[in-house]
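In this text the structure is predicted, and so the values were computed from the model without any measurement.
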Amino acid sequence: QVHLVESGGGLVQAGGSLRLSCVASGLAFGLHAMGWFRQAPGKEREFVSRISRSGYTTYYADSVTGRFTISRDNAKNTVLLQMNNLEPEDTAVYYCAATTTVYGSDLQGDYSSWGQGTQVTVSS
C-alpha cells in the first residue's frame, strides 16, 4: 500500500520560509515523478511544482517561480519543497502526489497516489 506523508507546514509571517517534506513508502520511488499541489480555502486544488523521476527536470507554477524549489532524494524516498519569501496568497493545504510518468504532470488526474496534506498559513 502506497503512503505519502507530508510534514513541515505551519504558521509563518509574510517573507518567511518553510520547507515541506514528503516521505513515500510502498512504491518504487525512483520510478515515480512527484508533484506538489495546494488548495486554498474556497478554491480548487492547483498545481505548484513537479520533479522528474531522476530529479534533473523541474517545473513550477508561475505564481511560485523564483520563490519555491523542489528537490528529491531517491535514496531516502523523499521529495522536498523549499518555500521562500512566502506571501499570504500561499496559504493553503499542500499535498504531495506520485505519478508513473517520467516528468510528472500539471494535471491532478495523472497522479495515482496522494498524501493527506499539510497546512501552510502565511500571515500578513
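- You'll find the ring centres of Phe37 and Tyr111 inside the 6.0 Å limit.
- In the hydrophobic cluster analysis, where Ile, Leu, Val, Met, Phe, Trp and Tyr join through side-chain heavy atoms closer than 4.5 angstrom, Val12 is grouped together with Leu20.
- Both Tyr94 and Ile70 are members of a single hydrophobic cluster when ILVMFWY side chains are connected at heavy-atom separations under 4.5 Å.
- When only modelled atom types and interatomic distance are considered, Asn84 and Gln82 share a side-chain donor-acceptor pair under 3.5 Å.
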Intermediate values then yes/no, side-chain contact (heavy atoms from CB on, under 4.5 Å), Ile51 and Trp36 | CA-CA 9 Å; Ile51 187 166; Trp36 285 97; over 6 Å; no
Could you walk me through whether Thr69 and Tyr60 pass the side-chain contact (heavy atoms from CB on, under 4.5 Å) test, one step at a time?
-> CA-CA 8 Å; Thr69 303; Tyr60 299 92; 3.8 Å; yes
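- Both Leu86 and Val64 are assigned to one and the same hydrophobic cluster, defined by single-linkage of ILVMFWY side chains at heavy-atom distances under 4.5 Å.
- Here the closest heavy-atom approach between residue Ser105 and residue Asp110 is recorded as OG-OD2, 2.6 Å.
- Applying the salt bridge (Lys or Arg N to Asp or Glu O under 4.0 Å) rule to Asp106 yields the partners Arg50; only residues at least two apart in sequence or on another chain are considered.
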Full working for side-chain contact (heavy atoms from CB on, under 4.5 Å) between Leu81 and Ser49 | CA-CA 8 Å; Leu81 186 68; Ser49 181; 4.2 Å; yes
Could you please spell out the steps behind the side-chain contact (heavy atoms from CB on, under 4.5 Å) verdict for Arg53 and Met34?
-> CA-CA 7 Å; Arg53 295 176 180 178; Met34 300 297 293; over 6 Å; no
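- For the pair Arg72 and Phe29, the distance from NZ or CZ to the six-membered ring centre is under 6.0 Å and the angle to the ring normal is within 45 degrees.
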